[in-house]
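A note on names: the letters A, B, ... follow the listed sequences, proteins ahead of strands, and every chain is numbered from 1. Everything numeric in this text was worked out from a predicted model, so none of it was measured.
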Amino acid sequence: MTSLPQSTEKSLGLVIDLDTCVGCHACVVSCKEWNTGAYGAPLSDQDPYGADPSGTFLNRVHTFEVKQPEKPAQVVHFPKSCLHCTDAPCVTVCPTGASYKRVEDGIVLVNESDCIGCGLCAWACPYGAREMDQAEKVMKKCTLCVDRIYNDNIPEEDRVPSCVRTCPAGARHFGDLSDPESGVFKLVEERGGMDLMPEQGTKPVNKYLPPRPKTDTAPDLDVLGPLLAESTEGAGGFFGWLDRALDRI
Amino acid sequence: MHPAVSIILFTALSGLGFGLMVFLGIDPPAKGGWVMAVFAALALGLSTVGLLASTLHLGHPERAVKAFSQWRSSWLSREGVVAVATLVTFGLYATLIVLFGVTVPLLGWLSAVLALITVYCTAMIYTQLKTVPRWRQPLTPVLFLLFALTGGALLSGHVTLSLWLLAALGIAQVAAWVQGDKALAASGSTMESATGLGPLGKVRLLEPPHTGSNYLMREMIHKIGRKHSQKLRIIALVLMVGLPLLLGLTVEVKHLAAAVIVLSHVAGLFVARWLFFAEAEHVVGLYYGARG
């Protein structure tokens, strides 16, 4: 049934800190690595070593520049994966019931054996979180590493999504966003966590922590400086004496 | 959006077929028998070919039967269910006329109503998408229904009515274009809202997430349609409304003129439908620095 649940027992999701992300793409790589061998069909590549490579990814990092007039530009690395929306439009458009949102933890998943590959869910998602695998012809999306987070066969510290486990900057956080006692909930409260495209009415579970505004301005650069002779004007002490002594030789 | 041939064929041909069923259901040809057989075959043929074309678009057409299950929540599923109900009802109605000479008006009216509901469901597959602001307007289902009715009136030879419908279609189409051009701006989605970075300033894409293309860009970001949008709109309007209306009002609509009118209208329908997809902006394009 592709109707959305009235409510979910938990709202598992990610909190992504745009202030901390360094744009290294490690989460992209670890996501692909884990998910190509885990839940469902592998994440295929087309023409991977050729002239026009492309492939299926469940997590991608965009890089934006933000600028106010007369202020320095600010670079923001922006990882994006499924936001596991409360009002997920991708779920209700599905004609077969392959797409569903779990009642127990709010994770949005695709049952690949029911997916007919019509692509309508990808059209319905404003975030570009769903990609049709070009080899398997079924819809792929972030599973929040459902095969890691409940996995008793791996060490406890690994029971988080692969992207979270691998992030060297600690920019990704995982937890129950409906639990006021959880770390992620407090992080969102303290840092003013925000929704992407709130006007779409999807009520995303994943939140983004805004980067701090850049306040320091770069000193005015003298573009001709490197082309002119070195100036030692104002040098004093031992180095001043050395400068004058060497000039005299 | 990527204008896939399978989807253009599906929406255009099935619309024509179901439109013809509406008129055959309400007003079956007086001569009955063979004439009805030809018309019914045309209506069933167009809609069936259209529906089959839609399955070409699927990654796993062998599982297509599962798509009938989610009619409570999904417009695509509803479309499938109602389409099959229409084909069965109309098939029974036409068979009774052709083989037994029995006209059951109730069945005819029922298939006409079902045919209109099918076209409405087809339109709602696109109208429901908040992510494509150009489609999300009341004029989208109006336009799909007018296309079906106009095509049906032309194919079934209801000349006078078809002229009125052509005029209405032209007005609705122009209104939908005007409305659609404002839709993305009116939706409030911008690169700033997409990234949440608006409070920090104006956002611009510095680096895309990868050097090549991807499924999302191929599927949702299409620029050729938008570049030539104005020219294509004029071509579509002249072919689907202008020429048929001019011929319909000036010459006696007999076989040759009727054929020219129908062919011109259908050609215009295909141009308009291509443009419907090709110039539609998906908000995911904002993450790629594209205008949706």
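In this structure, the portion of V61(A) lying under 4.5 Å from any heavy atom of chain B is its backbone and not its side chain. With a threshold of 4.5 angstrom between heavy atoms, H25(A) approaches chain B through side-chain atoms but not through N, CA, C or O. Only the side chain of Q74(A) comes within contact range of chain B, with at least one heavy atom under 4.5 Å from a heavy atom of that chain. Interface residue V75(A): only side-chain heavy atoms are found under 4.5 Å from chain B. Within the 4.5 angstrom heavy-atom criterion, only side-chain atoms of R218(B), from C-beta onward, approach chain A. Contact of P210(A) with chain B is not made at all, since no heavy-atom distance falls under 4.5 Å. Looking at Y208(A), there are no atoms closer than 4.5 Å to chain B (heavy atoms on both sides), in backbone or side chain. Proximity to chain B (any heavy atom under 4.5 Å) is shown, for M132(A), by both the backbone and the side chain.
The two residues P211(A) and L200(B) come nearest to each other via the heavy atoms CG-CD1, 3.4 Å. The two residues S189(B) and E199(A) come nearest to each other via the heavy atoms OG-OE2, 2.5 Å. Between T131(B) and C125(A), the closest heavy-atom pair is CG2-C, 3.6 Å. Contact record, L129(B) with L120(A): CD1-CD1, 4.4 Å, taken as the closest heavy-atom pair. Smallest separation of non-hydrogen atoms from R63(B) and V138(A): NH1-CG1, 3.8 Å. Nearest heavy-atom pair, S54(A) versus S213(B), reported as atom, atom and distance to 0.1 Å: CB-O, 3.3 Å.
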| request: Just do the side-chain contact (heavy atoms from CB on, under 4.5 Å) check on V76(A) and L197(B) with the steps written out, would you? | output: CA-CA 9 Å; V76(A) 180; L197(B) 298 173; 3.9 Å; yes

| field | Stepwise side-chain contact (heavy atoms from CB on, under 4.5 Å) check, W123(A) with E219(B) | value | CA-CA 8 Å; W123(A) 285 16; E219(B) 191 74 7; 3.0 Å; yes

| task | Decide side-chain contact (heavy atoms from CB on, under 4.5 Å) for Y287(B) and R60(A); before the verdict, give the C-alpha distance in whole Å, the side-chain angles of both, and the deciding distance to 0.1 Å. | result | CA-CA 11 Å; Y287(B) 289 105; R60(A) 294 181 187 264; over 6 Å; no

| message | With side-chain contact (heavy atoms from CB on, under 4.5 Å) as the criterion, how do C94(A) and S74(B) come out once you've worked through the C-alpha distance, each side chain's angles and the decisive distance to 0.1 Å? | response | CA-CA 6 Å; C94(A) 178; S74(B) 162; 5.9 Å; no

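With values rounded to the nearest 0.5 angstrom, K66(B) atom NZ is found 5.5 Å from S113(A) atom OG. Atom-to-atom distance recorded for E192(B):CD and M197(A):CE is 11.5 Å, nearest 0.5 angstrom. The CE atom of M217(B) sits 11.0 Å away from the CD atom of E131(A) when rounded to the nearest 0.5 Å. A distance of 8.0 Å separates CZ in F57(A) from NE2 in H210(B), rounded to the nearest 0.5 Å. The OH atom of Y215(B) sits 4.0 Å away from the CE atom of M139(A) when rounded to the nearest 0.5 Å. Taken to the nearest 0.5 Å, the OG1 atom of T63(A) stands 8.0 Å off from the CG atom of L205(B).
Annotation: K202(B), atom NZ; neighbour count of heavy atoms from other residues, nucleotides and ligands within 6.0 Å does not exceed 12.
H60(B) places a side-chain N or O within 3.5 Å of a backbone atom of E136(A) that can act as its donor or acceptor partner. A donor-acceptor contact shorter than 3.5 Å links the side chain of K130(B) to the backbone of Q200(A).
Your options are S187(B), G212(B), S77(B), S193(B), and the one with the most heavy-atom pairs under 4.5 Å with chain A is S193(B). Among D52(A), D114(A), L18(A), D195(A), the residue with the largest count of heavy-atom pairs under 4.5 Å with chain B is D114(A). Comparing M194(A), K80(A), Q134(A) by how many heavy-atom pairs each has under 4.5 Å with chain B, the most go to K80(A). The most heavy-atom pairs under 4.5 Å with chain B, out of P79(A), P53(A), C115(A), come from C115(A). Chosen from V203(B), T195(B), T211(B), the residue pairing most often with chain A at heavy-atom distances under 4.5 Å is T195(B).
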